[in-house]
Amino acid sequence: MTNSQFVPDKPKTTTDQFEVERKQMVQTQLRDRRIQDQRVLAAMSKVPRHEFLDSWSQDLAYSDRPLPIDYQQTISQPYIVAYMTEAANIAPSDQVLEIGTGSGYQTAILGEIARQVYSVEIIPQLAKKARDTLTHLGYKNIEIKIGDGYEGWAEHAPYDAIIVTAAPKYIPHALIKQLKINSKMVIPVGTWHQDIVVLTKKENDIVIEKTIPVRFVPMTKKSCC
Ligand code: SAH
């Protein structure tokens, strides 16, 4: 007779180990690379990145790289998530728009910092899965819509910050329109060569700052849903 107590467990990273790895990630990948915003560091220390991945890739959750999720999409490298969130300059009272929900990891980071997050994802299955993950983790200030992010989410505009995590060739006009004056949009722009652009909307002007080179999945424009 087999006693189930003696059946060895499959070697799998435990929650405690994940926590240790997450702390190391914050120190070596973020603090040591000059991410300084305390709210961003606190959010990245808290959100369980492994919960946004399938079981086969969970052990890599805190490594210094992007990882594949379903439908040929990717969850961004932790440093890039922190960099973009810091650049967006988000206050606790802010209402934020995200384009490209993907796994929902960046969405959760925003949910830790902002009052309310609206996120748009074009692939329905990814939107549904991210919704489930975020509900399971207890987020109540996040809404996800299946739709084309080129159009933004006009219903809740204007936004205090916009973060885009898929790369268009040009900055979508609707997104600029939905941004508040003196607020920032952080967006990867380009095709083969992409840079993260930090756009600040002024009263009568737009200030564009090209920052670090990146490689995001392209922003697609098929009409969906
Ligand atoms: N922030 C995500 C990264 C996802 S990758 C994460 O942390 O996991 C980029 C995502 O943008 C993909 O899920 C892709 O389906 C989505 N996307 C691409 N074009 C889009 C569009 N026009 N509107 C909304 N989402 C789009």
Side-chain angles (χ1 to χ4, degrees), residues 22 25 29-30 40 43-44 46-54 57-58 60-88 90 96-114 117-134 137 139 142-156 159 161-175 178 185-191 194 196 214-225:
R22 191 157 63 244
M25 170 196 88
Q29 299 176 38
L30 310 185
V40 174
M44 302 277 301
K46 183 174 169 196
V47 176
R49 184 171 161 91
H50 58 279
E51 300 266 3
F52 295 84
L53 292 164
D54 288 332
S57 58
Q58 282 195 338
L60 297 170
Y62 300 98
S63 56
D64 190 14
R65 47 178 278 198
L67 289 166
I69 54 173
D70 296 341
Y71 302 93
Q72 287 94 48
Q73 305 303 315
T74 54
I75 178 171
S76 308
Q77 181 189 1
Y79 173 72
I80 296 296
V81 174
Y83 181 90
M84 293 180 79
T85 312
E86 185 171 67
I90 297 164
V96 178
L97 174 67
E98 180 196 34
I99 305 298
T101 318
S103 67
Y105 176 67
Q106 166 85 73
T107 328
I109 297 293
L110 297 173
E112 289 289 335
I113 299 172
V117 182
Y118 294 99
S119 186
V120 182
E121 169 57 53
I122 204 163
I123 300 177
Q125 294 88 335
L126 285 179
K128 285 178 194 144
K129 194 170 171 182
R131 239 182 237 145
D132 288 348
T133 310
L134 292 163
L137 291 173
Y139 289 95
I142 294 173
E143 262 188 61
I144 297 173
K145 172 172 108 159
I146 299 163
D148 185 349
Y150 274 93
E151 307 304 327
W153 193 338
E155 192 189 340
H156 304 291
Y159 298 96
I162 300 179
I163 289 195
V164 184
T165 64
K169 201 167 170 186
Y170 306 106
I171 300 173
H173 183 70
L175 297 184
Q178 291 173 24
M185 166 157 42
V186 184
I187 177 170
V189 182
T191 48
Q194 302 167 8
I196 290 189
V214 280
R215 177 59 62 85
F216 272 81
V217 295
M219 198 157 156
T220 53
K221 214 175 186 168
K222 60 179 184 268
S223 72
C224 76
C225 346

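Positions are given from 1 along the sequence. Each ligand, and each atom within it, is numbered from 1 in the order the structure gives.
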* Structure fact -> Under 4.0 Å from one or more heavy atoms of Ser103, ligand 1 contributes atoms 6 (C), 7 (O), 8 (O)
* Between Glu121 and ligand 1, is there a nitrogen or oxygen pair with a distance under 3.5 Å? -> yes
* Asked: Is Lys129 paired with Asp70 through a side-chain N to carboxylate O contact shorter than 4.0 Å?
  -> yes
* **N or O contact, Gly149 vs ligand 1, cut-off under 3.5 Å** => yes
* **Side chain, backbone, both or neither: Met219 near ligand 1, heavy atoms under 4.0 Å** => both
* Where on Val81 is there a heavy atom closer than 4.0 Å to ligand 1, on the side chain, on the backbone, on both, or on neither? -> neither
* Cut-off 3.5 Å, side chains only: do Tyr150 and His173 have a donor facing an acceptor? -> no
* To do: Can you sort out which atoms of ligand 1 are near Gly147, meaning under 4.0 Å from one of its heavy atoms?
  => 23 (N), 24 (C)
* **Thr165 neighbourhood, listing ligand 1 atoms whose heavy-atom distance to it stays under 4.0 Å** => 1 (N), 2 (C), 3 (C), 5 (S), 9 (C)
* Pair Arg22-Tyr62, side-chain donor/acceptor within less than 3.5 Å -> yes
* Asked: Between Thr85 and Gln106, do the side chains contain an N or O donor and an N or O acceptor separated by less than 3.5 Å?
  -> yes
* How many angstroms lie between CD1 in Ile163 and CG in Leu97, if you round to the nearest 0.5 Å? -> 10.0 Å
* Which atoms from ligand 1 have a heavy atom of Val217 less than 4.0 Å away? -> 5 (S), 9 (C)
* **Subset of ligand 1 atoms that lie under 4.0 Å from at least one heavy atom of Ala166** => 11 (O), 18 (C)
* Asked: If you count the atoms of ligand 1 from 1 in the order shown, which ones are under 4.0 Å from a heavy atom of Glu98?
  -> 1 (N)
* Asked: Has ligand 1 got any nitrogen or oxygen that is less than 3.5 angstrom from a nitrogen or oxygen of Ile123?
  -> no
* Compute the shortest N/O to N/O distance between Asp148 and ligand 1 and return yes if it is under 3.5 Å, no if not. => yes
* Is Lys221 close to ligand 1, meaning an N/O of one under 3.5 Å from an N/O of the other? -> no
* Atoms of ligand 1 less than 4.0 Å from Val120 heavy atoms? -> 24 (C), 25 (N)
* Structure fact -> closest protein heavy atom to atom 20 (C) of ligand 1 is Ile122 CG2, 3.7 Å
* Taking atom types as modelled, is there a side-chain donor on Thr101 or Glu121 under 3.5 Å from an acceptor on the other? -> no
